[in-house]
Amino acid sequence: KLERGCRVPAQEYAKFVFTLRRLVVEALFLFKEDEKWLGRTGAYFCLADARTGAPLFEPALVGSVLPEKSEKYLSFCQEKARRLASHPEHEASWESRNPDAGQWGGAVRVGDFIFSISGFPELGDEALMLIMAEIHCSNEPAVLETVTHIAGQSNNPYWRNLRGFIGRF
């Protein structure tokens, strides 16, 4: 589990990415009829420092991404983390989203980490990160309150459905 204030060893990051890949498979099946998810098969994930937004590890590909979308999704996942870090009063990149500038939701701050992903529908990205934060930061006392608050702010339609999979991880 990722702990507040701890260093994240590479082995733990590898487990985290493995869990995220499994969760993405579940999400793709669960939302296969949702038009916003059609044609979406993967994303780039970035675990970043909450103060700086700097990636703690090389961003990871989860699922498959069309070659022409790869650079864009990789860039967006890192931009979301940096932008969220630049707004320490925010818990989610949704709070500073600006579609006209290509700035979207999909990153969340929990403890000392920012969880960021890009490649799925904007609120799908956010829901995946909320679930991953909840799974891997469950030892933090306020994590459920934090993720519930974030999901409520964006009125996230995917988060509750994905929560049903937490017990599998």
Side chain proximity check, [X] to [Y], heavy atoms < 4.5 angstrom:
X	Y	value
Arg22	Val25	no
Leu47	Tyr13	yes
Ile131	Phe165	no
Asp112	Asp49	no
Met129	Phe45	yes
His149	Glu91	yes
Leu144	Arg163	yes
Ser96	Leu84	no

- Could you walk me through whether Leu30 and Tyr158 pass side chain to side chain contact (heavy atoms under 4.5 Å, CB included), step by step? CA-CA 10 Å; Leu30 185 62; Tyr158 305 112; over 6 Å; no
Find the distance between [atom1] ([X]) and [atom2] ([Y]) and round it off to the nearest 0.5 Å.
X	Y	atom1	atom2	result
Leu123	Asn156	CG	CG	5.0 Å
Gln103	Ser93	CD	OG	9.5 Å
His136	Thr19	NE2	OG1	4.0 Å
Glu33	Leu38	CD	CG	8.0 Å
His90	Arg83	NE2	CZ	10.0 Å
Lys69	Thr41	NZ	OG1	11.0 Å

Answer with yes or no whether the hydrophobic clustering places [X] together with [Y]; edges join I, L, V, M, F, W, Y residues whose side-chain heavy atoms lie under 4.5 Å apart.
X	Y	answer
Val108	Val62	yes
Phe76	Leu128	no
Phe120	Trp104	no
Ile166	Ile150	yes

- Item | Whether over 12 other heavy atoms sit under 6.0 Å from Glu68 CD | yes
Taking all atoms of both residues into account, what is the closest heavy-atom pair of [X] and [Y], and its distance?
X	Y	result
Ser116	Ala81	OG-N, 3.9 Å
Arg40	Gly119	NH1-O, 3.0 Å
Ile114	Ala107	CG2-CB, 4.0 Å
Ala43	Ser118	CB-O, 3.0 Å
Cys77	Cys46	SG-CB, 3.7 Å
Gln78	Pro55	OE1-CG, 3.9 Å

- Residues Lys36, Asp34: salt bridge by 4.0 Å N-O rule: no
- Any Lys/Arg nitrogen of Lys15 or Glu12 sitting under 4.0 Å from an Asp/Glu carboxylate oxygen of the other?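 Counted as a salt bridge, because a side-chain N and a carboxylate O are separated by less than 4.0 Å.
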- Query: Distance-only, no hydrogens or angles: does the Ser70 side chain make a donor-acceptor pair with backbone N or O of Pro67 under 3.5 Å?
  - Reply: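 Checked: no pair found.
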- Task: Ignoring hydrogens and angles, tell me if any N or O in the side chain of Arg97 forms a donor-acceptor pair with the backbone of Gly105 under 3.5 Å.
- Result: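 Looks like no, no N/O pair under 3.5 Å.
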- Message: List the residues meeting side-chain contact (heavy atoms from CB on, under 4.5 Å) with Glu71, not counting sequence neighbours, and say none if there are none.
- Response: none
- Query: Which residues, ordered by chain and number, are linked to Tyr44 in its hydrophobic cluster, where ILVMFWY side chains connect at heavy-atom gaps below 4.5 Å, directly or through other members?
  - Reply: Leu61, Val65, Tyr73, Leu74
- side chain to side chain contact (heavy atoms under 4.5 Å, CB included) between Arg21 and Phe18, worked out: CA-CA 5 Å; Arg21 287 182 173 137; Phe18 177 78; 5.7 Å; no
- Run the ring-centre check on Phe16 versus Phe115 and record whether the distance is less than 6.0 Å.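 When the ring centroids of Phe16 and Phe115 are compared, they turn out to be within the sub-6.0 Å range.
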